[in-house]
Amino acid sequence: MNGERIFELLGNIDDCWILEAQEPTTASEVSALEPTMKERLRSFYASGWPVAIAAVLLMTMGIGVILKGTLRNKDPETGVSVETHATEETHVMVSQVNETGAGPNGVTEAGPGVFDSTPDGGTETDPKSGGAGMIPKIPEDRTIVLTGDLITDEEAAVYFESEMRFICEGLRAMGVSLTDPHVSSTGYCYVQYGGYEGEGLTVHQNFRDYLLYDGEELVSIVTLFRIQGEDGRIHNSPAFGGEWMKGYGEWLAEHKGQELLFVRAGDAEFILAPNGDYTNPAGMEKEEIDQYFEGIAYPYEIFYCEAATYTP
Amino acid sequence: MKETDDAKIVQMCWERSERALSAIAEKYGRFCMSIARNILGSAEDAEECVNDSYLAVWNSIPPKRPSTLAPFLGRITRNRALNMYKQHHAEKRGGYGLDLVLEELEEVLPSRESADSELLEKEFMENVQRFLSSLPPEKRRIFVRRYWYADSVKDIAAANGASENSISVALHRMRKDLLMYLEKGGLSV
């Protein structure tokens, strides 16, 4: 067998995986998603330009603040070291907060239209995060930046009311059995870092996950997302299938009533419970997960952001 | 023009209505072109491949009656494109969009020799199916986009709003995991 033969054999994977990974290339899907704008935006985000633009803006504003003599040095009482605020016109606000820095007080909100990033996220040159199988470094600046146009649970409820039938039809076509489908009334975002080069702790509020159950069983996680420049239109992308979903559902059921926190570090995903319990839905071993949070006694506090929580 | 349901297209093929071909092209033209182009690299070759695929669909329905056309048509296009790729490769012509993908797949070669290659391949595929079931959907999509759709890392990164580096790392991890999976299944050393 060689690479060619393996590629040939992989042609026989189940239809459901092919459909699951299918991009919107049929004519109706294309017109529904307006991919040109979507692709442009995604390419733009992935290109690193937003980071560069934000950095230039921040530098410019920093110089402005210095010139005005308003840059504050570290306050021994509060531990606040530097505070820089952009003008409202630019819709950028980045604050370095106190050094223990966790929790909702450390949350910073960025306005629409600007992709925010702090420069101390995971880097490829960092020995801890470099090379294959890298573990992104937790940003030193623990400020959590909220970006994107928030999808509220109320908006989601309205959306599901009209779209649930089509979502279910799509899932059924892909082999998911649904007899009593219902979706969670609240959703959650992710606190993430390391996914983009140089990304700090960020919550993309325009991506929000909702849990789709069939009776008691979790069968799909439906991501609702909104693309900037599309007049607020919401799209959906359901994930489903495999042992992964089963394990995910079981873990959520075991932690019923707890305010769970959803974190994404690079391409790895974690759910943290306030009692210190945690899991990686993909089945990562505990030792490996610990490497992600090395030196952090209570990651839940560090990453806490209400928008990224869900209470099953 | 309103798209035709898959069931209607299949029915038109059964009735030998040539409108079926235009309906397929209308609905799945881009889908097929993207697969063929990923594999062949050239738009001209891809177009030829896609036209052949439409004809193959026409010739195989009936007797077949696929419930969803995308995987059926996608598979035919993929196989045709791969055959063209092999032919071009033998003739040493064309841009080989697939070369990198195949190089990556060499990493997961089962090293066990078997007199019965059919059995080995069957075991290999069973393991791959189980492996895919075990992946989180986001990762599985990335794997399938790369090794079924032959998408470039750049395109996958753009579609996922991620950097090319993080997609390459994710793919590397998955190949490594697949190799371990095959090892457990006794297919590799």
Side-chain angles (χ1 to χ4, degrees), chain A residues 1-30 38-39 41-43 45-48 124 131-134 136 173-174 194-197 204 207 220-221 238-245 248 266-267 269 281-283, chain B residues 3 26-31 33-34 67-68 70-72 74-75 78-79 82 86 98 101-106 108-110 117 120-121 124-125 128-129 132-145 147-150 157-166 169-170 172-173 176:
Chain A
M1 240 195 271
N2 57 15
E4 210 170 86
R5 182 63 188 142
I6 291 180
F7 184 77
E8 205 166 355
L9 287 173
L10 289 176
N12 299 318
I13 61 169
D14 281 351
D15 283 4
C16 62
W17 308 142
I18 299 167
L19 287 165
E20 182 189 53
Q22 189 186 348
E23 292 219 313
T25 47
T26 64
S28 64
E29 288 164 339
V30 167
K38 183 180 162 189
E39 280 167 14
L41 280 164
R42 284 198 166 163
S43 304
Y45 287 160
S47 69
E124 278 96 278
M134 67 181 178
M174 290 185 244
Y196 300 93
E197 276 128 60
H204 296 282
F207 285 79
S220 175
I221 296 169
F240 67 93
E243 285 300 300
W244 182 80
M245 200 59 70
Y248 205 122
D267 63 350
E269 193 177 296
Chain B
E3 275 172 16
E26 171 80 21
K27 189 170 180 181
Y28 291 108
R30 275 175 68 110
F31 172 71
M33 269 303 281
S34 78
S67 54
T68 39
F72 183 76
R75 238 181 225 115
R78 190 180 184 273
N79 288 341
L82 186 60
K86 284 179 189 170
L98 194 62
V101 175
L102 300 187
E103 260 175 48
E104 288 168 17
L105 286 174
E106 297 274 342
V108 292
L109 285 184
S117 63
L120 179 70
E121 289 179 355
F124 174 79
M125 271 318 291
V128 168
Q129 296 280 23
L132 286 175
S133 308
S134 73
L135 288 177
E138 293 91 343
K139 288 196 177 171
R140 187 167 53 229
R141 276 193 208 118
I142 292 171
F143 186 94
V144 174
R145 289 291 338 161
Y147 301 119
W148 198 91
Y149 287 90
N160 284 275
S163 68
E164 286 182 46
N165 183 61
S166 64
V169 169
H172 174 87
R173 275 193 159 187
K176 203 171 126 192

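Order of the sequence lines fixes the chain letters, A, B, ..., with proteins taken first and strands second; residue numbering starts at 1 for each chain.
The shortest heavy-atom contact between B/R75 and A/D14 is NH2-C, 4.1 Å. Heavy atoms only, all atoms of each residue included: A/G3 and B/L102 are closest at O-CD2, 3.7 Å. What you find for A/M245 and B/P137 is that their closest heavy atoms are CE-CG, 4.3 Å. Scanning all heavy atoms of the two residues, the minimum distance from A/I18 to B/V144 falls at CA-CG1, 4.4 Å. Taking both residues in full, the closest heavy atoms of B/S133 and A/W17 are given as OG-CZ2, 3.6 Å, listed atom of the first, atom of the second, then distance.
At a threshold of 4.5 Å between non-hydrogen side-chain atoms, the residues B/L105 and A/L10 count as touching. Under the 4.5 Å side-chain criterion, counting only non-hydrogen atoms from C-beta, A/I6 is not in contact with B/Y147.
Note: A/Q22 CD to B/R141 CZ = 12.0 Å, rounded to the nearest 0.5 Å. Rounding to the nearest 0.5 Å gives a distance of 11.5 Å between CZ of B/R145 and CD of A/E20. We find the CZ-CD distance between A/R5 and B/E106 to be 13.5 Å, quoted to the nearest 0.5 Å. The distance from the CG atom of B/L82 to the CZ atom of A/F7 is 6.0 Å, given to the nearest 0.5 Å.
Within the 4.5 angstrom heavy-atom criterion, only side-chain atoms of B/K139, from C-beta onward, approach chain A. With a 4.5 angstrom heavy-atom cutoff, A/E269 touches chain B only via side-chain atoms. For a residue to count as touching a neighbouring chain, one of its non-hydrogen atoms must lie under 4.5 Å from one of that chain's; by this rule B/E138 touches chain A with the side chain only.
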- Query: Do A/N12 and B/Q129 pass the side-chain contact (heavy atoms from CB on, under 4.5 Å) test, and can you show the C-alpha distance, the side-chain angles, and the key distance before you say yes or no?
  - Reply: CA-CA 9 Å; A/N12 299 318; B/Q129 296 280 23; 5.8 Å; no

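More than 12 heavy atoms of other residues, nucleotides or ligands shown are found within 6.0 angstrom of NZ on B/K86.
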